[in-house]
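First comes the structure, then the notes that go with it.
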2 protein chains.
Amino acid sequence: MPTASADPRPERLRVAGLRVTAPRLAVLDVLDGSPEHPTSEQIATAVRARIGSVSTQAVYGVLDAFAAAGLVRRIEPAGSPARYESRVGDNHHHIVCRTCGATADVACVVGAAPCLDPSDAAGFAIDQAEITFWGLCPTCRGRTTAAPSGQGDAPWPIGDR
Amino acid sequence: MPTASADPRPERLRVAGLRVTAPRLAVLDVLDGSPEHPTSEQIATAVRARIGSVSTQAVYGVLDAFAAAGLVRRIEPAGSPARYESRVGDNHHHIVCRTCGATADVACVVGAAPCLDPSDAAGFAIDQAEITFWGLCPTCRGRTTAAPSGQGDAPWPIGDR
DNA sequence: ACGCTTTCTTGACAGGGTCAAGAGAAGTCG
DNA sequence: CGACTTCTCTTGACCCTGTCAAGAAAGCGT
């Protein structure tokens with residue numbers, strides 16, 4: 001038995017009550033090494049590059065199992081397919097590029113977030129708040145020299161408050 | 001509605017640079033009278049109840065045109081089809097029921113939102129912040145007496161910070 | 001009323017994801 | 001170590017939401 005520090009991934013799976021299989025280890029590996037919040041298809045591609053061939057269905061199954069076990073977090077920006085990240089358990093948000101859909105992490109810079117504790121919840125039992133920032137990624141900023149135009153469906157531009 | 005000057009909807013359309021048609025008036029009417037954030041299909045059904053028959057495509061077209069003109073706002077909660085609301089121009093957020101997808105408005109109770117001005121934006125040009133609360137609506141609260149269980153993909157439960 | 005333009009209808013199509021059944025591994029126990 | 005049980009993966013069909021395109025129909029300015 002190799003030392004525990006060699007590869008903690010199998011143990012992570014077992015602790016989560018999941019069986020250790022090649023697809024699962026590969027998905028975990030891909031997500032651990034991707035700050036990019038890949039889509040399921042990107043994950044499938046990366047996984048196949050590591051262990052040969054895996055069905056798309058398996059990837060969906062693995063991701064769902066991981067999400068249910070709390071190993072990964074699924075984010076679904078409007079107009080974009082679901083994306084995944086293995087960074088869980090901390091308070092961070094996401095910023096999504098309007099043009100290309102690229103997604104990055106944004107640290108929650110404040111200790112308290114008054115806006116996230118609404119007084120009027122319409123009778124709902126709130127258990128979670130989710131913040132998504134929208135804008136242009138560095139690449140698309142340079143590319144889109146013309147007017148941003150598509151201001152149409154903006155909930156409320158920053159600065160309007 | 002035979003009332004003379006009572007209906008401001010045609011004018012709202014003209015001001016937005018849109019032609020006045022029955023489907024558009026009906027969609028506007030439906031949204032004005034729905035605090036429920038209906039989906040496009042629900043809107044189509046309600047519209048047909050008023051003016052007979054309208055193609056699904058027309059509804060999509062109308063909603064897109066309205067969104068582009070700023071007459072309505074489109075929200076796309078994860079795992080739910082797009083929803084629309086005619087309440088625009090103010091700063092409010094949404095709370096979505098995890099079980100049934102019901103959506104309600106949540107007032108932004110604070111004047112300033114520190115969390116919405118991230119210091120580290122990863123080079124993105126942020127133009128908008130979007131907040132979605134997740135929880136259980138009053139109806140589903142009563143129905144789901146058992147354990148909430150599905151805590152898996154929770155970004156960060158309120159109170160954990 | 002006329003003609004130009006926008007909008008609606010119809011129908012095909014696509015992306016993303018789910019569902020279901022059976023084959024194949026992982027873990028367990030004797 | 002080997003059989004057994006259970007969980008996973010593969011395969012293939014299918015669904016939902018939404019988009020694209022072409023032509024018919026209606027709105028609006030003159």
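Quick note on labels: first sequence line is chain A, next is B, and so on, each numbered from 1.
Going from atom CZ of A:R24 over to atom CG of A:L13 covers 7.0 Å, rounded to the nearest 0.5 Å.
Among the nucleotides D:dC9, D:dT10, C:dC8, the one closest to any side-chain atom of A:V62 is D:dC9. Comparing D:dT19, C:dT10, C:dG17 against the side chain of B:S55 picks out C:dT10 as the nearest.
With hydrogens and angles ignored, no donor-acceptor pair under 3.5 angstrom links the side chain of B:E41 to the base of D:dC16. Judged by atom type and distance alone, B:Q57 reaches the base of D:dT19 through a side-chain donor-acceptor pair under 3.5 Å.
We find that CG of A:L63 is positioned 14 Å from C1' of D:dC9, with the value rounded to whole Å. Counting to the nearest Å, the C1' atom of C:dA14 and the OH atom of B:Y60 are 13 Å from each other. When the P atom of C:dT7 is taken as reference, atom CD1 of B:I51 falls 15 Å away, rounded to whole Å. Rounded to an integer number of Å, the gap from CD of B:Q42 to P of D:dC16 is 15 Å. Look at CZ on B:R83: it is 10 Å from P on D:dG18, rounded to the nearest Å. One atom, CD of A:E76, and another, P of C:dG16, lie 13 Å apart when rounded to the nearest Å. To the nearest angstrom, C1' of C:dT6 lies 15 Å from CG of B:L25. Between the CZ atom of B:F66 and the C1' atom of C:dC8 there is a distance of 14 Å, rounded to whole Å.
Taking hydrophobic clusters as Ile, Leu, Val, Met, Phe, Trp and Tyr residues chained together by side-chain heavy-atom distances below 4.5 Å, B:V96 does not share a cluster with A:I75.
Across all strands shown, B:S53 has heavy atoms under 4.0 Å from sugar-phosphate atoms exclusively, and none from any base. Residue contacts shown for B:A65 are absent, as no nucleic acid heavy atom lies under 4.0 Å away.
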Next item on the list: Any chance you could lay out the side chain to side chain contact (heavy atoms under 4.5 Å, CB included) test for A:R48 and A:T56, step after step, and finish with the verdict?
Entry: CA-CA 10 Å; A:R48 290 190 187 106; A:T56 304; 3.3 Å; yes
Next item on the list: Start with the C-alpha distance between A:V106 and A:H94, add both sets of side-chain angles, then the distance that settles side chain to side chain contact (heavy atoms under 4.5 Å, CB included), and finish with yes or no.
Entry: CA-CA 5 Å; A:V106 170; A:H94 295 104; over 6 Å; no
Next item on the list: Applying side chain to side chain contact (heavy atoms under 4.5 Å, CB included), run through B:L63 and B:L31 and close with a yes or a no.
Entry: CA-CA 10 Å; B:L63 290 171; B:L31 283 174; 4.1 Å; yes
Margin query: Please determine whether side chain to side chain contact (heavy atoms under 4.5 Å, CB included) holds for the pair B:V30 and B:R50, giving the CA-CA distance in whole Å, both sets of side-chain angles, and the decisive distance to 0.1 Å.
Written below: CA-CA 9 Å; B:V30 167; B:R50 283 163 215 242; 3.4 Å; yes
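The shortest distance between the side-chain N/O atoms of A:S40 and the OP1/OP2 oxygens of C:dG17 is below 4.0 Å.
Side chain of A:R98 to backbone of A:L136: no donor-acceptor contact under 3.5 angstrom is found. Judged purely by atom type and a 3.5 angstrom limit, B:E130 has no side-chain atom pairing as donor or acceptor with the backbone of A:W134.
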Check: What is the per-nucleotide protein-contact pattern of nucleotides 24-30 of chain D, from the 5' end, where B denotes a base atom under 4.0 Å from a protein heavy atom, S denotes such proximity for sugar-phosphate atoms only, and - denotes neither?
Finding: --BBS--
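Rotation axes derived from the C1' atoms of the five outermost pairs at either end of the helix from C:dA1-D:dT30 to C:dG30-D:dC1 lie 30° apart, to the nearest 10°.
Under the side chain to side chain contact (heavy atoms under 4.5 Å, CB included) rule, B:R73 has a single partner from B:E85, B:H37, B:R83, which is B:E85.
Heavy atoms of other residues, nucleotides or ligands lying less than 6.0 angstrom from CD of A:E41 number 12 at most.
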